[in-house]
Structures are given as C-alpha cells and as structure tokens.
Protein chains: 2
Amino acid sequence: MLTQAIQDYLKLIYRFEAEGRRPSTNDLARGMDVAAASVTNMLKRLADLKLVTYASYRGVSLTDSGRLIALEMLRHHRLIETYLAQALGYSLDQLHDEAEHLEHHISEQFEERIDALLGYPRYDPHGDPIPSKEGLIPPRCNQALSEAALDVDWVVRRISDHSKELLRYLMHCHLVPETKLRIMDRAPFEGPLTLRIGETEVMVGYKAACYVYVEQVDRGA
Amino acid sequence: MLTQAIQDYLKLIYRFEAEGRRPSTNDLARGMDVAAASVTNMLKRLADLKLVTYASYRGVSLTDSGRLIALEMLRHHRLIETYLAQALGYSLDQLHDEAEHLEHHISEQFEERIDALLGYPRYDPHGDPIPSKEGLIPPRCNQALSEAALDVDWVVRRISDHSKELLRYLMHCHLVPETKLRIMDRAPFEGPLTLRIGETEVMVGYKAACYVYVEQVDRGA
DNA sequence: TATATTTTTTAGATTAGACTAAAAAATATA
DNA sequence: TATATTTTTTAGTCTAATCTAAAAAATATA
C-alpha cells in the first residue's frame, strides 16, 4: 500500500494536469503546504516508484499508474461525499473534510457496497462526475452562471467546492445542483445578479456566481 | 492528533488490562508484531505523553487519559462494526479488518451520525458492549456454551471474534447472537456438542463452543 | 546461593517525510 | 549580452517508528 502522503501528491498533480497545467515544484509546495525542498525530495521518490516522470528543473507529469491511483482517490472522495450526503445527511459544506480523510482508508469492498447502495451514482453532491472504475471522467457542464444569458431557463449542474464559506453562501442562495432559475438582471461592472428561483427573487454576488455552473433547460422536455 | 501507532499500543494495553493482565514488554511485542526493543522505545514515548505509567523492568499501565483514548477507539471499532453489518450488509467475518482501519479516521460527527442512525445500539454484532461516550462498559454475559447445562433453553449473546475462520464456522453452525438453542448432548473428553436449534440438530466442536457465550432464556417471558 | 536462562533495555542504524540554509540553474531585466 | 531575480535542487538536520546486536537486569534452576 502507498502512503497517504504519496496519494496526496498524486492527487494534487492530477488536479493540475486536469486543468491543463504542468505543475511546478513551487505550485506543488503551495498546494501541499510544505517547503519546496520537500517536494523535490518526494518527486524523486515518486519517480523511483514509476508514478511520475521527473527530471530536475524540467517539471513533472503522471505516469499511467500514477494517474490511476489519483483517479482511484478521486473516485473514493466523490463516492464518499455522495454517501455522506445521501445516507448520513451531511450538508454540502461538511463533506470535503470528512471525505478527504476517509478516501485513503476504505477497502475495495466498502467502495463497492456504498456504490451499489447509492445506485451507482455518476455525479457527487457538488455535481462533479464520479470517475468510474475504468477511470474515465465523463464531460461536465462548464457554463458559469456569472456569464450566462438572461431570459433563458437554466438549471444548476455543478458548484465548486472552493471553500466552506462559498458553499454556505450558495446554500443560502439556494444555488445547489438541480435548482432551476432564470437570470432577471445583471448589474454592470461585475455587480450582483438578480435571479428568479421558483416564485422568489434572489440576489447573488458576481464572484460567487463564477463558481456556479449551469445548463440550459430543454424546452421540449 | 495522536498517531495510529500510539492508538494501537493503547488499545492493546487496554485489552490486557481488561482481562486483568499487566502486559509485559514481550506480550506487547507479540501483540503488535514488532521487536521488543520497539516496544520499550514506544513505552517511553507514551510515558512522556502521560498516556501510560512506565518504569524500566516494572511493566506498564494506562493512565486515565490513556484509557480514555483506548476506549474511544474501542467505541469507534464496535460502532463501525455495527454500522457495516446493519447498513452495508457485511457478514460477521468481514467486520474486523474494515473497522480496524476506519476506527482511526472517522470524525466526531461521523460517529454521532451513525450512532443516531443505528438507534444508539448498546451491543455490536458479536454481542460485545459498545462503550458509551462516558466510557463505561456495561457487564456482559460470560457463560461459555461449552460448559453450559443440558435441558435448558439458552440464547447466544456473544461470540468471540478470535479469527475469521472461527466466525465462519460459527455462522455455518448458526451460532450467532440471538440464536436460541438447547444442548442435547455433550460427548466426553471435550468432544463435540449436539445442539437443537429450532427444528434442526447441529453438532459443534468443543473448542469452538468455548468462544460462544450464552444466557438462559427467561421462563416467564 | 551460584549459575544459567529469559526478558528487557541500550546503542546505533534505517526509512519516510518533513525542515532550513546554501548552491546551482533557469528566467527576467537592464 | 551581462546582471539580477526567481526557482529549484543539494546538503544536512529532525522526528516517529521501526530494526538488529549487545549489554544489563530479572528470573529460574542446579
């Protein structure tokens, strides 16, 4: 079994690669909250284990087996979040911390049981796709609410779990996955948006709206 | 937070103390599957942390705060086992390994949620008492099936989770908590016992029966 | 009681993962 | 292009937890 530290480094590198960035040593040091020298140290070890390819001063990238481990952790994380929300009634802002610990410590069996119990969910409570056992991540909706068009019916599909404060604010505004809304007005200079959710009007700050991703509601259906 | 190693040492010392034994360095080395020197080393550290009282060559015992931590782990372990059995359908022989890992990694919140969901259970699936938050362990049934009287109605209250093999054998014989039975015959020289469980007769080896604890069924009720 | 055996501890090494300070390489600026 | 700045790596230290081999203490045996 790999250590938790190794799994965490792989996850972090994966996140950078997933958004098309090749992480620098400093990026990883900031992300792991350790000194840059510690990262260099670890990257050598990961390279010895054939989990990354790494050459001094040249940056790092995951090997296939490294990526597989990162994806397994991501799958655990999102499956556990879904379970905590559905089966144990956790709220959106309580999910991350618990899942971050548990993801390293569940067995294959546990994973399978909760997956089955939840009915093999494809998305976690934030709307992020849960990687399948085969490791593929299906595409996801990427239209920020902050930039979405007025006078159209939208449904929230995904929110970022950037921070607990953000999540609490979004919960307060009812901006959680599956909420249907219309944008009534958008103040100039990145000002607040006025939304209609059901019968009520809601104001949301521009910045927060950047972390909410919406999809157009099918007219026909 | 204490390390997992520390928690495991405390648990092991607790188990010895619970059966009235004062563990020797060698006892702990065998139990932890490490060298005796490693135990000496760790005992010094535990003593520094005021989790045990320890003097060279004099053996070890838990302090109140050490015992509290051991009890918290035991509570986690048994609560998790109960949860895995009730909510996720684990069988008796699958409980221990998963709980042994998870017990170190759940939050206070997780503990409370599963406790509530299970209806604040007092016994785990083996029939062992789940320590309450206050740390008290209620008494438990201690009459071994191997020594129990014939021609009386018994109910299994507790089985030891000595090993997976034992548990599988007991499951096969239907000797699990809440099973009602009568002892029909006991072969001499620690030979097998013949039981009547409901309509059917079951034979069980003497040794296995030593790990099954029974209580007399109330005549009136 | 004296000696032999067993148990426990000490001493010193190892590994994973962190640290700081200094050196080296890469990049940016004049 | 030469110099300054930033980034990365090297070198050496630290802690937790383990190990082995040897020494010391406790216990058992003659």
Side-chain angles (χ1 to χ4, degrees), chain A residues 1-17 21-63 65-66 69-70 73 100-101 103-105, chain B residues 1-17 21-63 65-66 69-70 73 100-101 103-105:
Chain A
M1 231 330 229
L2 299 171
T3 65
Q4 183 169 334
I6 287 178
Q7 293 175 340
D8 284 333
Y9 274 97
L10 294 175
K11 271 175 56 184
L12 183 57
I13 298 168
Y14 179 88
R15 282 209 296 276
F16 276 99
E17 291 192 353
R21 308 232 303 111
R22 204 180 152 75
S24 70
T25 297
N26 264 349
D27 288 334
L28 297 177
R30 269 188 295 273
M32 292 295 295
D33 197 24
V34 298
S38 308
V39 173
T40 301
N41 215 327
M42 180 57 100
L43 291 181
K44 282 183 193 160
R45 203 125 35 84
L46 294 177
D48 286 347
L49 293 168
K50 308 261 190 247
L51 297 171
V52 302
T53 53
Y54 166 69
S56 273
Y57 298 102
R58 281 288 133 75
V60 68
S61 62
L62 293 172
T63 62
S65 58
I69 289 163
M73 285 307 109
E100 195 73 5
H101 284 113
E103 64 186 8
H104 303 290
H105 304 289
Chain B
M1 233 328 228
L2 300 171
T3 64
Q4 184 171 331
I6 287 178
Q7 294 175 340
D8 283 335
Y9 275 96
L10 295 175
K11 270 176 59 185
L12 183 56
I13 298 168
Y14 179 88
R15 282 210 296 276
F16 276 99
E17 291 193 351
R21 309 229 305 108
R22 205 181 150 75
S24 71
T25 299
N26 265 350
D27 288 335
L28 298 178
R30 272 188 293 273
M32 292 296 295
D33 196 25
V34 299
S38 308
V39 173
T40 301
N41 215 324
M42 180 58 100
L43 291 181
K44 283 184 194 160
R45 204 123 36 82
L46 294 177
D48 286 346
L49 293 168
K50 308 261 190 246
L51 296 171
V52 302
T53 53
Y54 166 70
S56 272
Y57 298 100
R58 283 287 133 75
V60 69
S61 61
L62 292 172
T63 62
S65 58
I69 289 162
M73 285 308 109
E100 195 72 5
H101 283 113
E103 64 186 10
H104 303 290
H105 304 289

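In the text below, chain A, chain B and the rest are named by the order of the sequence lines, each starting its count at 1.
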When you look at CG of Asp48(A), are more than 12 heavy atoms from neighbouring residues, nucleotides or ligands closer to it than 6.0 Å? yes
Euclidean distance, atom CG of residue Leu51(B) to atom P of dA16(D) [Å, nearest integer]: 13 Å
Examine dT9(D): is either OP1 or OP2 under 4.0 Å from a nitrogen or oxygen in the side chain of Asn41(A)? Give yes or no. no
How long is the gap from OG1 on Thr25(B) to OH on Tyr54(B), to the nearest 0.5 Å? 5.5 Å
Whole angstroms only, please: what is the CG-C1' distance between Asp33(A) and dC19(C)? 13 Å
Any chance you could encode DNA chain C as dot-bracket? Rule is Watson-Crick or G-U wobble with both distances under 3.5 Å; [ ] for pairs crossing earlier ones, | for another strand. ||||||||||||||||||||||||||||||
Measuring from the side chain of Val34(B) (C-beta onward, heavy atoms only), which nucleotide among dT9(D), dT20(C), dC19(D) has the closest atom? dC19(D)
Is Glu17(A) reaching over with its side chain to a backbone N or O of Leu62(A), donor-acceptor style, under 3.5 angstrom? yes
Closer than 4.0 Å, any side-chain N/O of Thr40(A) to the OP1 or OP2 of dT10(D)? no
Report yes or no: does Thr63(B) contribute a side-chain atom to a donor-acceptor pair with the main-chain N or O of Lys50(B) at less than 3.5 Å? yes
More than 12 heavy atoms from other groups under 6.0 Å of NE2 on His101(A): no
Let me confirm one number: the CG-OG1 distance from Leu46(B) to Thr53(B), rounded to the nearest 0.5 Å. 11.0 Å
Phosphate OP1/OP2 of dT10(C) contacted by Lys44(B) side-chain N/O (<4.0 Å): yes
For dT9(D), does OP1 or OP2 lie under 4.0 Å from any side-chain N or O of Tyr54(A)? yes
Would you mind reading off the distance between Gln4(A) atom CD and dT15(C) atom P, rounded to a whole angstrom? 23 Å
Protein N or O to nucleotides 21-27 of chain D N or O, pairs below 3.5 Å:
{"residue": "dA25(D)", "atom": "O4'", "partner": "Tyr57(B)", "partner atom": "OH", "Å": "3.4"}

Ser38(B) vs dT18(D): side-chain N/O to OP1/OP2 distance below 4.0 Å: no
Nearest-Å distance, CG (Asp48(B)) to P (dA16(D))? 10 Å
Calculate the interatomic distance between Leu43(A) atom CG and dA16(C) atom C1'; express it in whole Å. 15 Å
Under 4.5 Å between any side-chain heavy atoms of Tyr9(B) and Val34(B), yes or no? yes
Just so I know, are the side chains of Met32(A) and Asp8(A) near enough to count as touching, which here means a heavy-atom distance under 4.5 Å? yes
Distance in Å, Leu10(A) CG paired with Leu51(A) CG, rounded so as to fall on 0.5 Å steps: 5.5 Å
Per Thr3(A) side chain, nearest of listed nucleotides dT20(D), dT8(D), dA16(C): dA16(C)
Taking CG from Asp27(A) and P from dT6(D), how many angstroms apart are they, rounded to a whole number? 16 Å
Provide, to the nearest angstrom, the distance between the CG atom belonging to Asn26(A) and the C1' atom belonging to dT5(D). 13 Å
Side chains of Asp27(B) and Ser24(B) only: does a donor on one sit below 3.5 Å from an acceptor on the other? yes
Can you measure Met32(A) atom CE to dC19(C) atom C1' for me and round it to whole angstrom units? 15 Å
